[in-house]
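What follows is a short report on a single structure.
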Amino acid sequence: MKDTVAGLHKVFETGVTLSLAWRREQLGRMKRMITSHRKDLEEAIYLDLGKPAAETALMEIKLILDEIKFLEPRIERWSGRHHVAMPLLMQPARSWTIAEPKGVVLVISPWNYPLMLSLEPMVDAIAAGNCVCLKPSELSPNTSALLQRLIGEYLDPRAFAVVQGAVPETTELLKQSFDHIFYTGNGRVGSIVMEAAAKQLTPITLELGGKSPVFVDASANLGVAAGRIAWGRFTNAGQTCVAPDYVLTTPELVEPLAQKISAFTRKFFGDNPAQSASYGRIVNTKQFDRLAKLLPANGKTFSGGETDREHLYIAPTILTDVRTDDPVMQEEIFGPILPILAVHNTREAVTFINKRPKPLALYVFTRSKETRMLFERHTCSGALGFNLPLGHLLSSRLPFGGIGASGMGSYHGKAGFLEFSHVKTVTSKPTFPDTLRLAYPPYSARVSLLAGDFHPTTRHLHFRNPTGR
Ligand code: NAD
């Protein structure tokens, strides 16, 4: 591992990754790798997660290809010089910034979108001119093995490495020296990564999770809200970081909303979702058992609730009459369970959300301008979606990331390019005329004038005798 990382540093030092042609070439190769092995990738993800191929195509493959398409023509502009004016005091002089690659970056990815969450950060890192060491998740072994093979085959083998493994391997990897660490996963491991990075003062991005709330008010179009919430929650069997985690709504809407969401699950997946080709599975028995414990034993299930451990199946489940101290409200659900809780009004919903850790995403279904403004200005989350769950994830033009417990830093598009870049300030002053001499000591009224003091004489006296005595 030490040799692998040291090798990447050596390659970075040669400057090969600085070339824009090299970066474009790697992005082009990645595009070919994905399009030529589309079926293999969909199959590997299906084997790991039971994820329908259409979901892989829409929510993983398309996003990576879109990101390449968005970044490729912009690399030159973003990495080139951006001139800025120097203050009068320094004139004549010029200054500009350039975005330079950080160096060798480590990308640690999770299992739930094992392709997109490995390759989309890589696309941003490549566009910025870095070498990348990828550590995919051990919990999606088919995808991780395929990625290792394909990256070795398609991308410049000098500049990219894939290290497979679980906790011991990642722990060892984190002892190596990197110029940036990009971690996606849960917050507990996020703090382990941050602690390891702190030892070497390595900058990090943490893409974490948590509970992403939804608020539906009385003005909302309930039918549209129900369909979109159901889509956001039950895609990938609920194992999406920005999926709606729970719904808050006013007491009279709990039942009708639950009914409508439940009706949408039947439209999406039929009367028996276990037989639907559009419905995914839970990743493994550990996650299955964790989720099964969140299902109430006391009859609060509004719809769904069926489970089949052997086939890692949990039906799309809606819970009503949920209390805030129920297990399902104590942790990120990350599965196909949706609790709906009553709040008396919009203010109470805002207070409820603001009392809890800052979410990765917050969704509000309303037609009221005041409600929109209240949420926009008085809540804090990685992203805020009005009438639209998951939408921000799908655009390369929008930064994607969390805040506080849901993460730090962001990526996608320009945000991602900058996350993997160091924006360096460059200044340049001609040696003639040597105007800087005006600022040299010994200090006099001239310096006060330069500092913008229009009472040079008194200021000058102050300089010499600040106590006034
Ligand atoms: P995971 O178990 O696959 O872990 C993620 C990565 O961390 C893996 O590569 C794993 O090997 C590594 N890891 C695990 N334990 C480690 C340790 N002790 N030391 C060092 N590395 C370790 O995935 P997960 O954490 O179960 O993923 C689900 C979580 O990720 C959820 O909380 C979800 O919300 C969050 N998530 C966030 C985003 C986002 O973009 N913000 C995206 C997907 C998932």
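Start at 1 and go down the list; that is how both ligands and their atoms are numbered.
At least one donor-acceptor pair under 3.5 Å links the side chain of N272 to the backbone N or O of A274. Remark: side-chain polar atoms of R149 are not paired, donor with acceptor, to backbone N or O of A145 under 3.5 angstrom. Panel note: side chain T235, backbone G232; no donor-acceptor pair is recorded below 3.5 Å.
For ligand 1 and L360, the ligand atoms under 4.0 Å from any heavy atom of the residue are 41 (N). Close contacts of ligand 1 with F334, meaning ligand atoms under 4.0 Å from a residue heavy atom, involve 28 (C), 31 (C), 33 (C), 34 (O). Within the listing of ligand 1, atoms 42 (C), 43 (C) sit less than 4.0 angstrom from a heavy atom of L117. Interface atoms of ligand 1 facing L139, defined by a heavy-atom separation under 4.0 Å, are 2 (O). Listed by number with element, the atoms of ligand 1 under 4.0 angstrom from any heavy atom of L208 are 37 (C), 38 (C), 39 (C), 41 (N). Of all atoms in ligand 1, listed by their number and element, those nearer than 4.0 Å to a heavy atom of G209 are 32 (O), 34 (O). Within ligand 1, counting atoms from 1 as listed, the ones closer than 4.0 Å to a heavy atom of V167 are 15 (N), 16 (C), 17 (C), 18 (N).
At least one N/O-N/O distance between G185 and ligand 1 falls below 3.5 Å. At under 3.5 Å, a nitrogen or oxygen of N186, whether backbone or side chain, sits near a nitrogen or oxygen of ligand 1. At least one N or O atom of S137, backbone or side chain, sits closer than 3.5 Å to an N or O atom of ligand 1. Considering backbone and side-chain atoms alike, W111 places an N or O below 3.5 Å from some N or O of ligand 1. For ligand 1, the polar-atom distance check finds an N/O of K135 within less than 3.5 Å of one of the ligand's N/O atoms. Remark: ligand 1 and F400 share no N or O pair separated by less than 3.5 Å (distance only, no angle test). An N or O contact shorter than 3.5 Å is missing between T184 and ligand 1 by distance. For ligand 1, the polar-atom distance check against E332 finds a nitrogen or oxygen pair separated by under 3.5 Å.
By the criterion of a heavy-atom distance under 4.0 Å, the side chain of N112, and not its backbone, is placed next to ligand 1. Using a 4.0 Å cut-off between heavy atoms, S109 contacts ligand 1 through its backbone alone, with no side-chain atom that close. Here T240 has no heavy atoms under 4.0 Å from ligand 1, in either its backbone or its side chain. With a 4.0 Å cut-off on non-hydrogen atoms, E138 touches ligand 1 through its side chain and not its backbone.
F269 pairs with exactly one of F264, W231, Y279 by the ring-ring contact (aromatic ring centres under 6.0 Å, His included) rule, that one being Y279.
Under the 6.0 Å distance and 45° angle rule, K51 counts as a cation-pi partner of Y113.
Shown here for H412 and D124, the closest heavy-atom pair between the two residues is N-OD2, 3.1 Å.
The aromatic rings of W111 and F334 stand perpendicular to each other, their planes meeting at an angle above 60°, with 30° marking the opposite boundary. Taking the six-membered ring where tryptophan is involved, the planes of F160 and W22 are essentially parallel, since the angle between them stays under 30° and well short of 60°.
Within 6.0 Å of atom CE in M194, 12 or fewer heavy atoms from other residues, nucleotides or ligands are found, so the atom counts as exposed in its surroundings. The local environment of CZ in R74 is crowded, with over 12 non-hydrogen atoms from other residues, nucleotides or ligands closer than 6.0 Å. A 6.0 Å sphere centred on CZ of R356 holds more than 12 heavy atoms belonging to other residues, nucleotides or ligands.
Ranking the protein heavy atoms by distance from atom 36 (N) of ligand 1 puts C241 CB, 3.4 Å first. In terms of protein heavy-atom proximity, atom 20 (C) of ligand 1 is nearest to T170 CG2, 3.6 Å. Looking at atom 12 (C) of ligand 1, its nearest protein heavy atom turns out to be I108 CG2, 4.0 Å. Looking from atom 22 (C) of ligand 1 to the surrounding protein, the closest heavy atom is V189 CG1, 3.4 Å. Of all protein heavy atoms, the one closest to atom 27 (O) of ligand 1 is P110 CB, 3.7 Å.
Listed by chain and number, the residues in a side chain to side chain donor-acceptor pair (under 3.5 Å) with K62 are D66 (sequence neighbours excluded).
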**Message:** For a ring-ring contact (aromatic ring centres under 6.0 Å, His included) check, start with the C-alpha distance between F386 and F375, then their side-chain angles and the critical distance, and finish with the verdict.
**Reply:** CA-CA 9 Å; F386 291 122; F375 275 92; 7.6 Å; no
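In summary, the side chains of R23 and Q26 do not present any donor paired with an acceptor at a separation below 3.5 Å, with no hydrogens or angles considered.
Of the listed options Y183, Y411, Y113, Y183 places a heavy atom closest to atom 4 (O) of ligand 1.
For F182 and F420, the gap between ring centers is short of 6.0 Å.
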